[in-house]
Participant: 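So that we are looking at the same thing, I have put the structure below in structure tokens.
Remember, predicted model here, so these are calculated numbers, not experimental data.
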Amino acid sequence: QVQLVESGGGSVQAGGSLRLSCAASEFTSTDYRMAWFRQAPGKEREGVAATYTIGGSTVYTNSVKGRFTLSQDNAKNTMYLQMNSLKPEDTAMYYCAAGYGYTSYRRYLRQEDYNYWGQGTQVTVSS
């Protein structure tokens, strides 16, 4: 059982930056994916960014490309999401997720492929 704890959310003005962290308990395999999802009020949860340990590929949803960067510190079992040039439409609860094993990179941002979830951290961007 992988436990995930997010931190780093908060309130910022448009154009500002935040860095989210996701601390994971120990993985039992080196073959896993980690991802960030978000859910705004009244909207479905959407994948934001994801990475796979085998090969190190990372994908982003189009709306955050060039503004958000996913990184990992494997020694600390921690994943980060650096969010720059934030917009009001980035306002949401952000969740960390993890899943073992291979999946096509086209599925990296599909929540159905993740078994472990954090409790979320709120990001609010004001105009």
Side-chain angles (χ1 to χ4, degrees):
Q1 187 81 2
V2 179
Q3 296 182 337
L4 304 170
V5 179
E6 304 97 334
S7 61
S11 298
V12 296
Q13 291 190 328
S17 298
L18 283 173
R19 188 176 81 154
L20 306 183
S21 299
C22 172
S25 61
E26 186 175 5
F27 288 95
T28 58
S29 167
T30 58
D31 182 1
Y32 60 89
R33 290 158 285 108
M34 293 190 76
W36 289 99
F37 289 80
R38 66 185 180 186
Q39 187 167 21
K43 295 188 177 181
E44 294 186 355
R45 188 176 298 184
E46 66 166 342
V48 176
T51 189
Y52 181 35
T53 55
I54 308 300
S57 55
T58 303
V59 298
Y60 298 91
T61 193
N62 287 337
S63 62
V64 307
K65 285 181 181 177
R67 300 189 297 123
F68 290 11
T69 302
L70 185 157
S71 62
Q72 286 182 287
D73 184 336
N74 292 326
K76 296 181 179 179
N77 273 353
T78 301
M79 176 178 66
Y80 304 96
L81 186 67
Q82 178 66 45
M83 306 186 295
N84 298 328
S85 302
L86 283 162
K87 304 176 181 180
E89 50 264 44
D90 294 319
T91 295
M93 184 71 78
Y94 283 71
Y95 298 92
C96 173
Y100 285 111
Y102 168 81
T103 186
S104 167
Y105 78 92
R106 294 181 179 86
R107 297 182 62 87
Y108 280 12
L109 297 180
R110 292 174 61 91
Q111 57 180 318
E112 294 84 358
D113 287 3
Y114 293 86
N115 303 107
Y116 306 102
W117 292 83
Q119 294 300 307
T121 185
Q122 178 68 38
V123 171
T124 302
V125 184
S126 59
S127 57

Participant: Below 4.5 Å, heavy atoms only, C-beta onward: do Arg38 and Asp90 meet side chain to side chain?
Facilitator: yes
Participant: Do Ile54 and Tyr102 touch side chain to side chain, with heavy atoms closer than 4.5 Å?
Facilitator: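 Result no, sub-4.5 Å side-chain heavy-atom pair not found.
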Participant: In terms of ring plane angle, is the pair Tyr32 and Tyr100 parallel, tilted or perpendicular, where the classes change at 30° and 60°?
Facilitator: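 Rings of Tyr32 and Tyr100: perpendicular, over 60°.
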Participant: Please answer whether the main-chain N or O of Gln119 pairs with a side-chain N or O of Glu6 as donor and acceptor at a distance below 3.5 Å.
Facilitator: yes
Participant: Report, as yes or no, whether the 6.0 Å neighbourhood of atom CD on Gln82 holds more than 12 heavy atoms from other residues, nucleotides or ligands.
Facilitator: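 Yes, the 6.0 Å shell around CD holds more than 12 heavy atoms from other groups.
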Participant: Distance from Ser127 atom OG to Glu89 atom CD, nearest 0.5 Å?
Facilitator: 10.0 Å
Participant: In Å, rounded to the nearest 0.5 Å, how long is the span from CG of Leu4 to CE of Met34?
Facilitator: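 Taking CG in Leu4 and CE in Met34, the distance rounds to 5.5 Å.
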Participant: Would Val123 and Met93 show up in the same hydrophobic cluster when neighbours are defined by side-chain heavy atoms closer than 4.5 Å?
Facilitator: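 No, no single cluster joins them.
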Participant: Run the numbers on Arg110 and Thr103 for side-chain contact (heavy atoms from CB on, under 4.5 Å), then give the verdict.
Facilitator: CA-CA 10 Å; Arg110 292 174 61 91; Thr103 186; over 6 Å; no
Participant: If you define the side chain from C-beta out and look only at heavy atoms, does anything of Leu86 sit under 4.5 Å from Phe68?
Facilitator: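 Yes, side chains in contact.
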Participant: Rounded to the nearest 0.5 Å, what separates atom CE in Met83 from atom CZ in Arg19?
Facilitator: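 One gets 11.5 Å once the value is rounded to the nearest 0.5 Å.
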Participant: Which of these, Tyr94, Tyr80, Trp36, sits in a side-chain contact (heavy atoms from CB on, under 4.5 Å) with Cys22?
Facilitator: Trp36
Participant: Return the minimal non-hydrogen interatomic distance between Ala35 and Ala50, and the atom names on each side.
Facilitator: CB-CB, 3.6 Å
Participant: Does CD belonging to Gln13 count more than 12 external heavy atoms closer than 6.0 Å?
Facilitator: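 For Gln13, atom CD is not crowded (no more than 12 foreign heavy atoms under 6.0 Å).
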Participant: Measuring only between side-chain heavy atoms, which start at C-beta, is Gln122 closer than 4.5 Å to Thr91?
Facilitator: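 They are in side-chain contact.
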Participant: Okay, side chain of Tyr108, backbone of Tyr60: is any donor-acceptor separation there less than 3.5 Å?
Facilitator: no
Participant: Can you tell me how far the OG1 atom of Thr30 sits from the CG atom of Asn74, to the nearest 0.5 Å?
Facilitator: 10.0 Å
Participant: Under the 6.0 Å and 45° cation-pi test, does Arg45 pair with Phe37?
Facilitator: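 No, Arg45 does not lie over the aromatic ring of Phe37.
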Participant: How close do Ser85 and Ser17 get, heavy atom to heavy atom, and via which atoms?
Facilitator: N-OG, 4.3 Å
Participant: Is Ser21 reaching over with its side chain to a backbone N or O of Gly8, donor-acceptor style, under 3.5 angstrom?
Facilitator: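 Not a single qualifying donor-acceptor pair exists.
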Participant: Are Val48 and Leu109 joined in one hydrophobic group, where the rule is that I, L, V, M, F, W and Y side chains link up if heavy atoms are under 4.5 Å apart?
Facilitator: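 Val48 and Leu109: separate clusters.
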Participant: Do Leu20 and Tyr95 share a hydrophobic cluster (ILVMFWY, side-chain heavy atoms under 4.5 Å, transitive)?
Facilitator: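 Looking at the clustering, Tyr95 is in a separate group from Leu20.
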Participant: Distance-only, no hydrogens or angles: does the Arg67 side chain make a donor-acceptor pair with backbone N or O of Ser63 under 3.5 Å?
Facilitator: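 Yes.
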Participant: So, Tyr52 versus Arg33: side-chain donor-acceptor pair below 3.5 Å or not?
Facilitator: no
Participant: Can you name the closest pair of heavy atoms from Trp117 and Tyr114 and give their distance?
Facilitator: NE1-O, 3.3 Å
Participant: On a heavy-atom basis, which atom in Lys43 and which in Gln39 lie closest, and how many Å separate them?
Facilitator: O-NE2, 3.1 Å
